[in-house]
S.K.: 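Can you read through this structure? Questions will come right after.
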Amino acid sequence: MANISKPDVRPANPRFSSGPCAKRPGWTLDALSDAALGRSHRAKVGKSKLQQAIDDTRDLLRVPADYRIGIVPASDTGAVEMAMWSLLGARGTDVLAWESFGAGWVTDAVKQLQLKDVRTFDAPYGEIVDLSQVDFDRDVVFTWNGTTSGVKMPNGDAIPANRQGLTICDATSAAFAQDLPWEKLDVVTFSWQKVMGGEAAHGMLILSPRAVERLESYKPAWPLPKIFRMTKGGKLIEGIFKGETINTPSMLATEDYLDALGWGKRIGGLDALKARADANLAAVEAYVAANDWIGFLAKDAAIRSNTSVCLTFTDPDLVAQSEDAQNAFAKGVASLLEKEGVALDIGAYRDAPAGLRIWCGATVETADIEALMPWIGWAYGEQKAALKKAA
């Protein structure tokens, strides 16, 4: 590996960040030329753009007609916390965590909301919890796809159709790339900046009729900030789900999201988006299968993400080293790739095990993934050579 030459082919787009993610193929600033800039989001033009974002989201994700879809503040985090603060406490709660964001929802439930009846289930990076231990007659909070760990729910089979509790699902790295069984999900959240490559700060909150019923029949014991309030006088504020946002949205970011949704429709809809992410993962899998010094953080293919793909260095010489040394090696590989301009922002998340994280969502071209992988091999060889020289 130490003597491998630089590959001849470079990715046409070196952007593999896990958020904000790569823009759709062919994107330019001209895509935003119809943005309602300088106009009120409450004016007819502003409201129509926001309503279109809701309608196009419903169409592309195949959201049932009786589910409400709202645009809310503070990205996916804001959407999840809006749901947790508004809905939890009516019955016991199970919170599941298999990466850093799930761990954040545990903190919210235990330390911030201080729920009286809460159980937590944790799994190490690269794994998910034993779903058979979860009680879906309680409210359950979980991430569908672990952005920082590269794992996903295998399917919705573990969730009973006749459950008594609500399922609150953070789907920010799954929506538009993986199947979401809507009949098993009562709250679904995501942000524009993930699979569709939109811009940050706007969250999507999708509510089932069961979630709406809870909102209208239950009042939490704690005060709710204005940006979390979805009811008035015991009734749902329907305007939130018709483009009448709680706070001022960016009409520029809205136009960008509309452009991404339009691209998704043009290429064949949800099936085409999922197929693109699957092809990207397959390209990584092919390279990993041919090289024994690198592996997946999620060893079980059934729970392996097709968007946030996390890799580890399995070389025994590296595994035997300290955690700090492994982190330094992985950061060195990522730094070399960025210096060469072939891969930007692919270092592992700060709380995750040492390694690399490659965004493989639908806006990334498979040809770019295929071009990237040999470069990782080159950078690995360079780092190995540097270690031997220093020894």
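Heavy atoms only: backbone and side chains are in, while hydrogens, waters and symmetry mates are out.
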S.K.: Do you know which two heavy atoms are closest between F313 and V333, and how far apart they sit?
M.R.: CZ-CG2, 3.9 Å
S.K.: For E183, I'd like to know if atom CD has over 12 heavy atoms of other residues, nucleotides or ligands within 6.0 Å.
M.R.: yes
S.K.: From K331 NZ over to E338 CD, what is the distance, rounded to the nearest 0.5 angstrom?
M.R.: 13.5 Å
S.K.: Give me the one residue out of T147, T148, T307 that meets side-chain hydrogen bond (donor to acceptor under 3.5 Å, both in side chains) with S173.
M.R.: T147
S.K.: Indicate whether any N or O donor in one side chain lies under 3.5 Å from an N or O acceptor in the other, for W378 and S5.
M.R.: no
S.K.: Ignoring hydrogens and geometry beyond distance, is a side-chain donor-acceptor pair present between S322 and D324 at under 3.5 Å?
M.R.: no
S.K.: Check the pair R304, L281 against side chain to side chain contact (heavy atoms under 4.5 Å, CB included), reporting the backbone distance first and the verdict last.
M.R.: CA-CA 9 Å; R304 186 177 299 153; L281 171 60; 4.0 Å; yes
S.K.: Starting from the C-alpha separation in whole Å, work towards a yes-or-no answer on salt bridge (charged side-chain N to carboxylate O under 4.0 Å, His left out) for D315 and K384.
M.R.: CA-CA 10 Å; D315 182 336; K384 284 279 287 185; 2.7 Å; yes
S.K.: Do T189 and D76 have side-chain atoms, one donor and one acceptor, less than 3.5 Å apart?
M.R.: yes
S.K.: Looking at R214 and L87, would you say the former's side chain and the latter's main chain have a donor-acceptor pair under 3.5 Å?
M.R.: yes
S.K.: Is the closest side-chain donor-acceptor distance between D122 and W98 under 3.5 Å?
M.R.: no
S.K.: Verify whether one side chain among Q193 and S75 offers a donor that lies under 3.5 Å from an acceptor in the other.
M.R.: yes
S.K.: What I want to check is whether the side chains of Q51 and D55 have a donor and an acceptor closer together than 3.5 Å.
M.R.: yes
S.K.: Would you please indicate yes or no on a ring centroid separation below 6.0 angstrom for F176 and F190?
M.R.: yes
S.K.: Would you say the ring centers of Y380 and W293 fall short of 6.0 Å from each other?
M.R.: yes
S.K.: Can you tell which of N13, D256, T28 makes a side-chain hydrogen bond (donor to acceptor under 3.5 Å, both in side chains) with K23?
M.R.: D256
S.K.: Between Y349 and S149, is any side-chain donor less than 3.5 angstrom from a side-chain acceptor?
M.R.: no
S.K.: Just by distance, no angles: are the side chains of S305 and N145 close enough, under 3.5 Å, to form a donor-acceptor pair?
M.R.: yes
